[in-house]
Amino acid sequence: MKKLIVLMACMILLGGSFSAEAAEFYVHKESGKNSFPGTKAEPFKNLQKAIDVAADGDIIHVATGNYCGLMDKGQIKLSKQLTILGGYSPDFSSRDILTYRTTIIPPKKQDVHRDDAVFFIEQGNKEGTTLIDGLIFDQGETNDYHTVNGKPEGLDTGMLLIPPAKSSPTAFPSANIAIMKGNTSGNFTVTNCVFNNACLYGIWVAQGKGAFTAKNNIFVANRMSAIEVRGRLADPHAAKVNLIDNTVLFTWSRTKDMGDMGYGVRGMTGCDYVVQGNILALSTFAGYDNTRIDSNLKVKKNVALDGNLFFLNKQADMTAPGSGMFMRIWVEENFEDLPDMDIPGTTFASVKGNVGLTTAEPLKNIINKAYLEGFLNASYKEVTSYDADSPANRFRRAMGMNQTGTIQSSVTMWANRYPLEDALKLFGAIPKFGAQLPQ
């Protein structure tokens, strides 16, 4: 004991640090109790309990089950820098995220959380390491969908309903929140996870100093953008964003007229980007959006856009500033020109190996065909009715009042629920592109 105290004292005098080995905690919804110590033999019941007990640098192992925060309120909060590993068998003897699913699927009930995010992060400006590995997020059971409108044949729901709209007077409205949101810092990694049916972004975070990495994840049927990461420090190059080997499909627009948003990945300001090896496809607007630039045009973010697979994005594979509001750029036409172009706010350090889909064979028995057909044919229509000579409008003109008319809108499909079972099939769907089967 005296030798240990002397050693610690010497380290302090020399300006070093001393840290104990990281603690490990275990969580199992069925056999655990929050009164347990969180060991393998006596695990916690709730993931939030383990997070609250753990300290920066600790490791949490989570067995199969559905985890929605304390009292199943639908939110998990993270302010520490931890390693959270899902996908364990009930006895923690083996790990396979697709066999032993660790899900975060908030229930559809009156008191489900409706602010901030399903997984809310506030890490300040810490410089440690965070790893989120093997969690399956799905808002499809929490959202409210129309029973009839915008429901193509073969789908189990109609279009998504955004509050205050509800499918019936007694229905619980959608939780109009992101799946993962907040302020991340240090080296923050999300891998082998699934983000399905987000009502408002899959990942929507502001990164401090360090690198935010999303690798080998599945993103399906998310609204506005599947991934949007921005830097939040004065130094525009303090934050790095690495988006590697993700599969991003069916990203929906902000509104049902499909005229705004709908980006697979959105490159934001205040950070540099590496976008590599992803599948960025089937977005209502573009697979990769690069229109957000710093107000000081001398500040340029560095972007490497390499080895990605693009197909069936509705308005462009990539959008960038220029040509009025923005340019629409297609992978097979002019991606290779990007490094030589004067793109405001961006230096394309590398653009190589990006391709279009040459054959649909790998997706033939994997992608949900009814959803795909509905998406490809999705349309919005407005019918206006205005009669200047109607008795009401003649009277209004005489009184100096505004004229009136009616607008009827309809949509064939918009942000409908994508089956989770089909989303999980996308791991390894296309060799060499997108998320592969977790090892």
Under 3.5 Å side-chain donor-acceptor pair for [X] and [Y]:
| X | Y | value |
| --- | --- | --- |
| Thr191 | Asn216 | no |
| Asp133 | Asn192 | yes |
| Ser174 | Asn176 | no |
| Trp414 | Ser253 | yes |
| Thr255 | Asp260 | no |
| Arg232 | Asn125 | yes |

More than 12 heavy atoms of other groups within 6.0 Å of [X] [atom1]:
| X | atom1 | result |
| --- | --- | --- |
| Glu336 | CD | no |
| Lys45 | NZ | no |
| Gln315 | CD | yes |
| Lys166 | NZ | yes |

Do Lys314 and Phe375 meet the cation-pi criteria used here (NZ or CZ under 6.0 Å from the six-membered ring centre, within 45° of the axis)?
yes
Phe36 and Phe44: aromatic ring centres closer than 6.0 Å?
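Between Phe36 and Phe44, the centre distance exceeds or equals 6.0 Å.
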How are the rings of Phe195 and Phe219 set relative to one another: parallel (under 30°), tilted (30 to 60°) or perpendicular (over 60°)?
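If you compare the ring of Phe195 with that of Phe219, the planes turn out parallel.
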Do side-chain atoms of Asn313 reach the backbone of Phe285 as a donor and acceptor pair under 3.5 angstrom?
no
So, does Lys126 use its side chain to make a donor-acceptor pair with the main chain of Ser79 at under 3.5 Å?
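Present.
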Applying side-chain contact (heavy atoms from CB on, under 4.5 Å) between Val275 and each of Leu305, Asp306, Asn290, report the one that passes.
Leu305
Please assess Gln81 against Thr129 for the test side-chain hydrogen bond (donor to acceptor under 3.5 Å, both in side chains), listing each intermediate value before the final yes or no.
CA-CA 6 Å; Gln81 293 183 313; Thr129 298; over 6 Å; no
